[in-house]
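The basis for the numbers below is simple: all heavy atoms, side chains too, and nothing from hydrogens, waters or symmetry mates. Below, read A as the first sequence line, B as the second, and so on, with proteins coming before strands; counting in each chain starts at 1.
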Amino acid sequence: MTGLVLADVTIRAGGQTLLDAFDLTVAPGEIVTLMGPSGAGKSSLLAWIAGTLPPGIEGSGRLGLDGRRLDQLPPEQRRMGLLLQEPLLFPHMTVAANLVFAIPRHVKDRKVRRAKAEAALAEVGLEGLGSRDPRTLSGGQKSRAALARCLLAEPEALLLDEPFVSLDSDLRAEIRSFVLARASSTGLPVLLVTHDQGDAEAAAGRIVEPWARPREAARS
Amino acid sequence: MCRAKWLAPGALVLGLLASEAMAFETVREAARGQTVYFNAWGGSPQINDYIAWVADEVEDRFDIDLVHVKLTDTSEAVSRVLAEKAAGQTTAGSVDLIWINGENFLAMKENDLLFGPFAFDLPNFELVDTAGKPTTLIDFTEPTDGFESPWGMAQFVLIHDRATLPEPPADLAALAAWAAENPGRFTFPSPPDFIGATFLKHVLHAAVDDPAILTTAPDPATADDLLAPVWAWLDDLQPDLWRGGRAFPANGPALHQLFEDGEVDLTMAFNPAEASSLVLDGRFPATTRSYTFADGSIGNTHFVAIPFNSDAAAAARVVADFLLSPEAQARKQDPQHWGDFTVLDLDKLEAEDRALFDAIDLHPATLPPDQLGETLLEPHAAWMDLIEAGWRDRYGS
Amino acid sequence: MKLVARGLLLALVLVPTLAGLVGVLAPAVGYLPVLGFTEPSLAPLTRVLALPGLGQAAAMSLAVGLVSTTLALLLAVAITAGLQSRRVSRWLERLAAPLIAVPHLSIAVGAAFLLAPSGWLVRLVADPLDMQTPPAFAYGAGYDLLVLGAVLVLKETPFLVAVLVAVARSIDERRSLALARSLGYGDIEARLKLLAPAWLARSKLAIVTVLVYGIGNLELALVLGPTAPPLLPVLVLDLMTHPDLARRLDGAAAALLLIATTALGYAAYRIGAALAGLAFGAWLATGPTPTLTRWLARIGDLATTLLLAFLALTFVVLALWSLAGPWRFPDPFPAVLHLDLWQRRVPDLLAHAGTTALIAVTTALIALAVVLLWLETTGRTTLPSWLWLPLVVPQIAFLFGLQMLMLVIGLGPGLGPVILAHLLFVLPYTALLVADSWADQDPRYAAMARSLGHGPWTTFCKIKLPLLKAPLALALAVGISVSVALYLPTLFAGGGRVTTLATEAVTLAQGGDRRLAAATGIVLALLPAVALLAARRLAR
């Protein structure tokens, strides 16, 4: 089976069950939007998929990507692209260094790596900003840089955890459409998690509400 | 034939001497490349410099690496050897040579912590003045039996500034009288410091009629009576001491501090040339002079010994022998370098070696060997145990 | 990996300390086979209890420890509550880190020169008062204890301030202050009445270490303490190094008594704290007392200024003595100032400084590595509390037993064992400084790095460490400062073969050449200062 496959996924935190026996398949090129209220466990589910669950939260179930079984692998081997609520550009590196950091190890030549980073920056409209301190970038620029970094790592699936929530409303629509357009152009399975209706509509894909009450779930 | 009769024993003696020299040659060979950890008190930069010179010399001459391990107290090294023996460490001990005498030597000898006997076989030992300086063979009433090799002579002296105190008290009675007139200007290091303890030994000597009593352990029945005059004299002195006797300097150098600062008018040392070194160092005024008590002062010898578990015993012996050489002894006696008097008999030396000693400028603050006066022998260790315990009881708390 | 980290920590701290305690307990009850004592007996304890002056020695140690700790604590609370006028507190903030880093010994050496009857302070007034010889009054141990106590307060107050400030930061004070303001209290009084109890409750461990050091430290007791009788730790040392080897048993028994005295001190502290709590409760009930607060502020200001002036003077007198030609009483200044001493002794000073620095840097680095390894592999954010064991037991009590342990496992004295001994005392401070900032890390950076394809080791080196640069640099600097100041561990584990600036300073201060002692004290203080400056630059 190709694409991102979740089977029988259960997430538990502090004695509470956040998600029980959840199944989901995201086909390549498809954007699936997971909707739920704050605190429902959306971020935890993405963290489980990425393999970065914090201590205190447990998850079980099967995870597959393009036929590979992922749930027993460490995060660095899962090839998941993460875009989180904040861009999380590493503050001790320049923008370019942030991007170079993401380039896989099989690209060995330093000059080639730098060139790739510069090209990626240009693609997202941040040409020439490579040597800047990430803290000097605007909110929108940071989001675009984070996207460029994420894609440079050659991911096989994209996980978006409300990446537009920290942007102000006028910027939000612009960045949102930019990111979603790039995401769908990659042809990878994309899982978007949000509580915002606008995000779901912009994604224009299947909407899943695992935390909704049965009546609401039936509506989608 | 007469000549032949003398020839035989002469040849025997020559043969023995030659074979001894050869025996020591093998020791010197074995010593090459060894490292000797010389545990010696490190509280005097002067003495440390002298030991550094010795290290240079033995490296050049014998290819021995001498490392000076600076101790605050000799008993630190004794503890270490004891601890090593406790742990069953019979080789590769951390101490190879130790500067030692008196109680510490007794402790090591009694507990079988020493290598030897070795001292009498050292080539330079024959130069030692064992006849004129009996303390080179008997350490505080304990025979050395060759388990330690003599290094220098110590004589208890008092030091004063001729400018401020032109007529210092000549004996203990005069001292008490002077202190009564000048309260707070005299003190001594608190026992068990060896300088302070030695001062008390003079009080002990003055208190007993027959000094021979002190060479053996005290008889518990008579000890209290015999010590009574000691306590009486000290009781009288107590209120006239520095700080009213409510505190005492911790050791000899601390007393020197007080003298240098002008807080007391007298200080003490075991080295008749110590005052000179301090004058040359700029710490004591140029008018400083040394003297001894009129009724005699305690003298002793200090030694070097080798622990039983040293791996560098050969090199340690070579170093001990070098320390006895006229060259090393002469340099040691020179107040520019240390000032510690020699254990050698100058009459036994070759002319050129003797000249080394004659050339030494003793410096006015030193008390020359001919003015040292009568030497009092060290009392038996048990007497000192009583004195130190009693002093602690009465004044140390 | 987790087991390695846990095992390392256990082996480096818990095992040696416990073994050391056993190594001192056995001889104390009469068991020391090498000297032939194999029958347990209470004789050593009885002998020690019968020692003349023991009671006074213990009482003095207890008093100095309790009083200096209490004063330092009160001053620290006052300073943290912002009681100091703006000018003084600004000075204090800037000097806090260097003040903590200055070794006790440097200050002690300077204090001895400053405050002796023939010391500098008296010399400065000797001329106008026409004194030819120093005052020869019969002052007792009280004066020595006063000087010792002053040095302790001077050193411990900045340390306690740092602890309280760190604790205060973790408590949100805005709401309490707003509430208090609405009730008519000034900010400072509000902090004292509402927040200080919380600060103290969370600083118990630090306060205990200060108390234990105040009662049981050896180096300050040797340099500044009274002599007839001396303080208890000095009595212990005298017995442990007595030529009559059988007295070692008595030394071990005396060490047990020192531990008991320390425990007594802790009990007294708890009782005192409870009593103070009652008085405090009464103060709370009286409503706003701005006048009292203002007076407390003035007293606190005065105390702080005096302490800072004292500190400055000690260093001036150290510098003077190191440059002095002959300087006898009653001259207020040396007749000649020259660099002779420095020129002559620079090779020695450099050699000692080199050894000290080598040990300090190595120890601090190892401590940092061990702590980071533990934090990274166990996933916990606080290190075990037994890490503090070496700091709540008087040093001399277990270091003696540790010597025995070293021999049993065949570890000869030398540089390596000294580093291991130093680790016992450096690890807790390193752990304290690192654990806090480790816990404060944003875990999402590491998660991001992992999902970008990097393994745990690369993530640790390239992301976690650089982001913690500042607190790690500070932890290193503090580790270095702690190691530089250690005396007893170097003495015991080095077997006399390892000479550091601290061991030299104690020997010289007890009666060597004063000029050299002064120079050593200055160089001793320079090392931590350099480490701190370097840490600050690295943090930028």
Side-chain angles (χ1 to χ4, degrees), chain A residues 43-44 46-57 65 70 73-94 97-107 117 134 145-161 163 166, chain C residues 1-3 5-6 368 371-384 434-476 534-540:
Chain A
S43 300
S44 303
L46 281 195
W48 179 81
I49 299 174
T52 58
L53 269 183
I57 306 187
L65 180 58
L70 291 188
L73 290 180
E76 60 268 21
Q77 291 180 25
R78 295 194 185 192
R79 294 186 223 138
M80 295 285 172
L82 273 182
L83 272 187
L84 302 179
Q85 289 157 1
E86 283 171 41
L88 289 177
L89 294 172
F90 304 121
H92 63 289
M93 300 179 178
T94 63
N98 263 276
L99 267 61
V100 168
F101 186 73
I103 301 176
R105 261 196 302 256
H106 61 75
V107 181
L147 176 65
R149 179 180 66 178
C150 167
L151 294 175
L152 271 175
E154 295 173 20
E156 291 175 6
L158 288 179
L159 306 174
L160 309 180
D161 187 354
S166 59
Chain C
M1 223 33 207
K2 210 196 297 186
L3 257 93
R6 282 205 157 121
L368 197 60
V371 168
L372 284 173
L373 181 70
W374 196 93
L375 286 170
E376 173 76 0
T377 55
T378 61
R380 305 243 296 266
T381 53
T382 46
L383 282 102
V434 174
D436 266 351
S437 25
W438 182 268
D440 284 344
Q441 287 182 95
D442 189 340
R444 297 176 303 171
Y445 285 115
M448 181 59 78
R450 296 292 293 275
S451 67
L452 286 173
H454 294 279
W457 177 244
T458 317
T459 306
F460 179 74
C461 295
K462 295 203 174 156
I463 304 294
K464 287 191 185 176
L465 280 188
L467 286 177
L468 286 173
K469 199 167 49 155
L472 290 185
L474 184 65
L476 266 180
R536 279 206 178 138
R537 301 209 106 218
L538 220 74
R540 261 192 263 124

Practice task
Please determine, among A:L88, A:T52, A:L89, A:L82, the option with the most heavy-atom pairs under 4.5 Å with chain C.
Solution key: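 If we count pairs closer than 4.5 Å to chain C, A:L88 comes out on top.
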Exercise for the section: Against chain C, work out which of A:A153, A:P75, A:A47 has the most heavy-atom pairs shorter than 4.5 Å and name it. Expected result: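 Option with the top pair count is A:P75.
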Handout entry: Side-chain heavy-atom pair A:M93, C:I463 within 4.5 angstrom cut-off
Key =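 Sidechains of C:I463 and A:M93: in contact.
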Practice task
Check whether any side-chain heavy atom of A:H92 lies under 4.5 Å from a side-chain heavy atom of C:K469, and answer yes or no.
Solution key: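 No. Closest side-chain heavy atoms not under 4.5 Å.
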Problem - Distance in Å, A:E76 CD paired with C:T458 OG1, rounded so as to fall on 0.5 Å steps - result: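 Taking CD in A:E76 and OG1 in C:T458, the distance rounds to 8.5 Å.
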Practice task
With rounding to the nearest 0.5 Å, note down the distance linking OG in C:S451 to CG in A:L83.
Solution key: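 The OG atom of C:S451 sits 9.5 Å away from the CG atom of A:L83.
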Practice task
Measure distances from A:I103 to the heavy atoms of chain C and classify the residue's part below 4.5 Å as side chain, backbone, both or neither.
Solution key: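 A:I103 has no heavy atom closer than 4.5 Å to chain C.
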Exercise for the section: Go through the atoms of C:A449 and report whether side chain, backbone, both or neither lie under 4.5 Å from a heavy atom of chain A. Expected result: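 C:A449 touches chain A through backbone and side-chain heavy atoms alike.
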Handout entry: Plane angle bin for C:H454 and A:F101 - parallel if under 30°, tilted between 30 and 60°, otherwise perpendicular
Key =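 Parallel: the ring planes of A:F101 and C:H454 meet at under 30°.
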Handout entry: Winner by heavy-atom pair count (cut-off under 4.5 Å) against chain A, out of C:P456, C:P443, C:G453
Key =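 Top option by heavy-atom pairs under 4.5 Å: C:G453.
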